[in-house]
There are 2 protein chains.
Amino acid sequence: MGNIHSRKLEHFTQLSPASKIALSTLASNRVCHYGAHEDIIREGDRPHVMRLILSGWAYRYKQLYDGRRQILALCLPGNLCDHNVFILREMDHTLGALTPVTLTEITPAALHALTLAHPCIAQALWWETLVNVATQREWTTNMGCRYAVERLAHLFCEIFYRLRSVGLIEDTSCPMPLTQSDLADTTGMTTVHVNRSLQELRTKRLITIKHRRLTIPDLAALERRALFSPSYLHLNHTGQRRDTKEG
Amino acid sequence: MGNIHSRKLEHFTQLSPASKIALSTLASNRVCHYGAHEDIIREGDRPHVMRLILSGWAYRYKQLYDGRRQILALCLPGNLCDHNVFILREMDHTLGALTPVTLTEITPAALHALTLAHPCIAQALWWETLVNVATQREWTTNMGCRYAVERLAHLFCEIFYRLRSVGLIEDTSCPMPLTQSDLADTTGMTTVHVNRSLQELRTKRLITIKHRRLTIPDLAALERRALFSPSYLHLNHTGQRRDTKEG
DNA sequence: CGTATTCTTGACCAACGTCAAGAATTGTGG
DNA sequence: CCACAATTCTTGACGTTGGTCAAGAATACG
């Protein structure tokens, strides 16, 4: 429980069991720590390694010339970042730490060896990549045809489902390190409008946020408000959802 | 020039040369035709094959319960659709034909044999998938922090770059089969607002659209208006851009 | 040549953005 | 544990982008 490797194992539920073992025993892994709001790799940088988030939240973002910022994705514990990204010349966006982050770096050579030794790991990587694209598509949908309140509700549903799949929720609540300003840049709105939309969700008793924790008393109700359907997360693939209490 | 295989070869510029040869000689390929506005595979269907667009435009879309539609991606000639998608249980969106489409189906078995025989094809698949995610991220950015006129301009720039990379432009113009209603569902706006934004682009002499063809007299100017940068398309990777005239 | 689709326009309205300032919360050093 | 500074949250007044509804004009198509 105390050391990095067991913590890592704990969060590997999105990969197949064989991949877990293989990755966890990988000697060439280097473990790195980042402070909150520190960039991990920037737009324009050449990517060299694949990263696996052990703890903390990272996020991808892009910034336009005039300062407009868009948060593109959240990387939660257990997520692999930039599978095979070293195929590309340079990063087209920035990966940053939202909270303090611990991650392990996997070199192309190590990854290559791994996929040779454990063919199923290649499949696991493809699976997670396909889920990433699907999620990005859902975010596009979210921005394109949902209203402010629905957008936020949808984001909360996704976060809750994803954290639940790696056992990081408690009953009806989960961590929520995103500030209203972050939520604004994630959902393409202003902080003022986020604030007012959150108030509506609170008034309707669909969520509460306190001390950086999100509580969803009635998930089904929130899903309805968000027009949310979890199919794009393809969680049933692994069958490894790990609810903390009822399993 | 006349038969499918040479036409296919023509459009393979996004894959490495070895992949081209391998895929083009693949005997197990089945060639399919779809009419305009026909669905190729629907949300909820189980995916069985990978598809390679030989001619015509396909598109991915999602529909909410109340009818709102979001166009999520465009699949242009030469694009592979749903690499390894058979890893997933079911489609989380629909793939449809925008114009009449010719495509070839590649079975998992054929793909598996291919990647074994030509390891570089696996890399090519990863490359195209990574570009797909990057493009989806850019669309998220487009919706999240660009204004109507910028959004449309950005979309036109992307289409022009992508078609140019497979030699499907003529001078400063390219096909534009999207109706204003399609553009609306792509950019998350209404047809009325698309219409007015297009008028602005036309008035400023940045584009003209006539007979389903888009002309961009000054691409650099349009890029500036769109806050467009082609880096996310990672075109320099293959170095195989094929401009029709100057090559 | 007629019908369906697509485009265009107008009038009006709602969702969301801007600006600004004060309250609450968080984090840090003494 | 407190004091103080920095963030973050909240609220108000008002402006703008883009949505709605509706109807006529222009194109595309069989």
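Below, read A as the first sequence line, B as the second, and so on, with proteins coming before strands; counting in each chain starts at 1. Just so it is clear, the values below take in all heavy atoms, side chains as well, and ignore hydrogens, waters and symmetry mates.
- Atom pair Arg212(B):CZ and dC29(D):C1' shows a separation of 12 Å (rounding to whole Å applied).
- Nucleic acid contact class of His211(B) (heavy atoms, under 4.0 Å, all strands): sugar-phosphate only.
- The residue among His193(A) and Val192(B) whose nearest nucleotide of DNA chain C lies closer to the 5′ end is Val192(B).
- Rounding to whole angstrom units, NZ of residue Lys210(A) and C1' of dT26(C) are separated by 16 Å.
- We find that NE2 of His37(A) is positioned 14 Å from P of dT26(C), with the value rounded to whole Å.
- Residue Arg196(A) places a side-chain atom within donor-acceptor reach of the base of dG12(D), judged by atom type and a 3.5 Å distance cut-off alone.
- Electrostatic pairing of Arg225(B) and Asp218(B) does not count as a salt bridge here, judged by no charged N lying under 4.0 Å from a carboxylate O.
- Counted by atom type alone, Glu158(A) and Thr135(A) present zero donor-acceptor pairs between their side chains at under 3.5 Å.
- Protein atom CZ of Arg146(B) is 17 Å distant from nucleotide atom P of dG17(C), rounded to whole Å.
- Here Arg202(B) lies in heavy-atom contact (under 4.0 Å) with sugar-phosphate atoms only.
- At a threshold of 4.0 angstrom between heavy atoms, the contacts of Thr190(B) include nucleobase atoms, whether or not backbone atoms are also involved.
- The side chain of Gln199(A) places no N or O atom within less than 4.0 Å of a non-bridging phosphate oxygen (OP1 or OP2) of dT10(D).
- The distance between atom CG of Asn195(B) and atom C1' of dA25(D), rounded to the nearest whole Å, is 12 Å.
- When each of Gly188(A) and Gln180(B) is assigned the nucleotide of DNA chain C bearing its nearest heavy atom, the one mapping closer to the 5' terminus is Gln180(B).
- Going from atom CD of Glu200(A) over to atom C1' of dC16(C) covers 13 Å, rounded to whole Å.
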Ring pair (Phe, Tyr, Trp, His ring centres under 6.0 Å) between Tyr161(A) and Phe228(A), worked out: CA-CA 11 Å; Tyr161(A) 267 85; Phe228(A) 178 89; 5.2 Å; yes

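- The distance from atom CG of Asp182(A) to atom C1' of dC9(D) is 13 Å, rounded to the nearest whole Å.
- Tyr61(B) and Asp39(B) form a side-chain donor-acceptor contact under 3.5 Å, judged by distance and modelled atom types alone.
- Taking atom CG of residue Asp66(B) and atom P of nucleotide dT20(D), one finds them 11 Å apart after rounding to whole Å.
- One finds no salt bridge joining Asp92(B) and Arg60(B) here, because no Lys/Arg side-chain nitrogen approaches an Asp/Glu carboxylate oxygen to under 4.0 Å.
- In this structure, Thr191(A) and Tyr147(A) both approach DNA chain D, and ranking their closest nucleotides by distance from the 5' end singles out Thr191(A).
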